[in-house]
Amino acid sequence: MTEKASNFLATIIEDDLAKGKHDQIVTRFPPEPNGYLHIGHAKSICVNFGLAEQFGGRCNLRFDDTNPEKEEQEYIDAIKADIEWLGFQWQDEPKFTSSYFDQLYDWAVHLINEGLAYVCDLSSDQAREYRGTLTEPGRNSPYRERSVEENLDLFARMRNGEFDEGACALRAKIDMASPNMNMRDPILYRIRKKAHHQTGNKWCIYPSYDYAHGQSDAIEGVTHSICTLEFEDHRPLYDWFIEHLPVPARPRQYEFARLNVNYTVTSKRKLKRLVDEGVVDGWDDPRMPTISGMRRRGVTPAALRHFSDMVGTSRAGGVVDLGMLDFAIREDLNENAPRAMAVLDPLKVVLTNLPEDHFESFTAAGHPNRDDLGERELPFSREIYIDRSDFNEDSSLSRKKFKRLVPGEWVRLRNAYIIQADEVIKNDAGEIVELRASVIEGTVGNDAPEGIRPRGVIHWVCAKHGVKAQVRLYDRLFNTETPDRGGDDFMQYLNPESLTLLTGCIVEPSIAKAEPETSFQFEREGYFVIDRYESTPENLVLNKTIGLKEVWERKV
RNA sequence: UGGGCCGUAGCCAAGCGGUAAGGCAACGGGUUUUGAUCCCGUCAUGCGAAGGUUCGAAUCCUUCCGGCCCAGCCA
């Protein structure tokens, strides 16, 4: 691990370690398997696993599976894959809150015996009424003073399935007048006659998050239970259970501000809606802010981890600029992605001063400053493709503004000759269909001779040896900075141009041999990845991860 | 208007009584066969505001202003 930026959590842990409060810290990442992990979870994963790594501790993966109605095995598998892909390792086997159900049940009985929990027959509507409001205290439930014996009997019968869903619930007996709503006799167990993905039909009562979480932490010996700010008000309740139960350890909860990124939504409900309504192709659509979506788009684990470090961890809620993620992605890819050339919008150029059967091959570096990335061969013949946008008929364009090809002038073909544009061929509709140009002899690997001033350098691919490819360009899914802001209207901010399909692209031959999920920098275009599912050597499919940084004013 | 929390540059963020780190963005300049990378430089007399304590305050106190979270048998 490289040196980490200091943050309040690291400070607390350093302190605890220094004071000898713990020999080794234990954290945990506790997703509920009810959806795919997104960039906010990536941050939480980096925080929890990262802190453990940084301080020589351990981090558990624990599925917080207390609600069988929303959870599925598919999500469990996807979550494990995402964490591993990010490069983190959880301690031992993944844990499940559901594997503590027996212990949790016994502790609930303990609370009943202590007179600290009771079975309440109020309906959820009635319970809401009794709960009071933010500014008015609640009233005690009429069932609050049931005897221990009666509660014991009722709770056992709840477990045995003698009552319908919602008929009753086990509640903690705390304080209906507490200014903290979480302390107004919170629910410990509710009846759900649903099979559970882990425990099958063993249970028909399920513990609530509040009741299960801290005790699960205690069972696992978690020392620092790190969650997001919205659970802050739950901490007194978390502590209450720990104090009143014979738990084997006393974990502590700490909260940090969740990650918000502009132009994106990070709520499982909203992401699920994008998937369910077919706005995107699935949870791993490259436009999704899910870990699997970003992976498919070509974002790397290193980029995500670095991004997480960059934004830091604090208690101040804010919105991080997407540009920071972009930076982290470019930084990693710039360093590690081999270079190649690809023409996305091909325009044929015939080099008229070369013989019909001309063939030669240039050797180019795999990366401008990394010899270990090797070299590649660039076949070259009389016909090549350049990008349409690299030619403009208007030769009056200033050299400063248009550093590409115009009639009568020169450009350097990257890694090859300098050429001069001689003639523009158009079809009946007046569209440019071809260029005639000539190569300047002796300019490969050499500076331009006197009197020849190339306007710039452009990329190209040999027409005969280039390989066809399909390329998908992605733009942000939403065209407003705060799609998450309002209520349910985030769908109206969808960017209709978030996906552009390009089918006639030509890439240099070296690309065809690459494995799925390999990233390249197509010079002057951006970073692209070979699609992990749909690409084959015969039918190349590439996803644009992100463009190069462009500082000039893009007009023309 | 009950409770909890948060305000340091356009954005993120260190700082914990000794005179405002760092990153992103932006803006200048240099190198460059990628308008990329890389390199150099600029960017808070100021820490939400106003008072107070102190030799000294972003750090302590008071008041005020702004924002976020909580009334699921969700997590």
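Residue numbering restarts at 1 for every chain, and letters A, B, ... go by the order of the sequence lines. Bear in mind that the values here come from a model prediction, so they are computed numbers and not experimental data.
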**Request:** Check RNA chain B against residues 360-369 of chain A and give the residues with a non-hydrogen atom under 4.0 Å, in numerical order.
**Result:** A:Pro368
Within less than 4.0 Å of OP1 or OP2 of [N], is there a side-chain N or O belonging to [X]?
| X | N | result |
| --- | --- | --- |
| A:Arg524 | B:G35 | yes |
| A:Ser314 | B:A13 | yes |
| A:Arg339 | B:A36 | no |
| A:Thr66 | B:A75 | yes |

**Request:** Could you tell me which residues satisfy salt bridge (charged side-chain N to carboxylate O under 4.0 Å, His left out) with A:Arg171, sequence neighbours excluded, listed by chain and number?
**Result:** none
List, with names and distances, any nitrogen or oxygen atoms from the protein found under 3.5 Å away from nitrogen or oxygen atoms belonging to nucleotides 26-28 of chain B.
none

Every protein N/O within reach of nucleotides 9-11 of chain B N/O, cut-off under 3.5 Å:
| residue | atom | partner | partner atom | Å |
| --- | --- | --- | --- | --- |
| B:C11 | O3' | A:Val319 | O | 3.3 |
| B:C11 | O2' | A:Val319 | O | 3.1 |

**Prompt:** Is the closest side-chain donor-acceptor distance between A:Gln126 and A:Ser123 under 3.5 Å?
**Reply:**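 Side chains of A:Gln126 and A:Ser123: pair found under 3.5 Å.
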**Request:** Please list, chain by chain and in numerical order, all residues satisfying side chain to side chain donor-acceptor pair (under 3.5 Å) with A:Trp203, sequence neighbours excluded.
**Result:** none
**Prompt:** Do A:Tyr209 and the base of B:A75 stack face to face, with centres under 5.5 Å apart and an angle between planes under 30°?
**Reply:**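 No, the aromatic ring of A:Tyr209 does not stack with the base.
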At a cut-off of 3.5 Å, list every protein nitrogen or oxygen paired with a nitrogen or oxygen from nucleotides 67-72 of chain B, distance to 0.1 Å.
| residue | atom | partner | partner atom | Å |
| --- | --- | --- | --- | --- |
| B:A71 | O2' | A:Arg131 | NE | 3.2 |
| B:G72 | OP2 | A:Arg131 | NH2 | 2.9 |

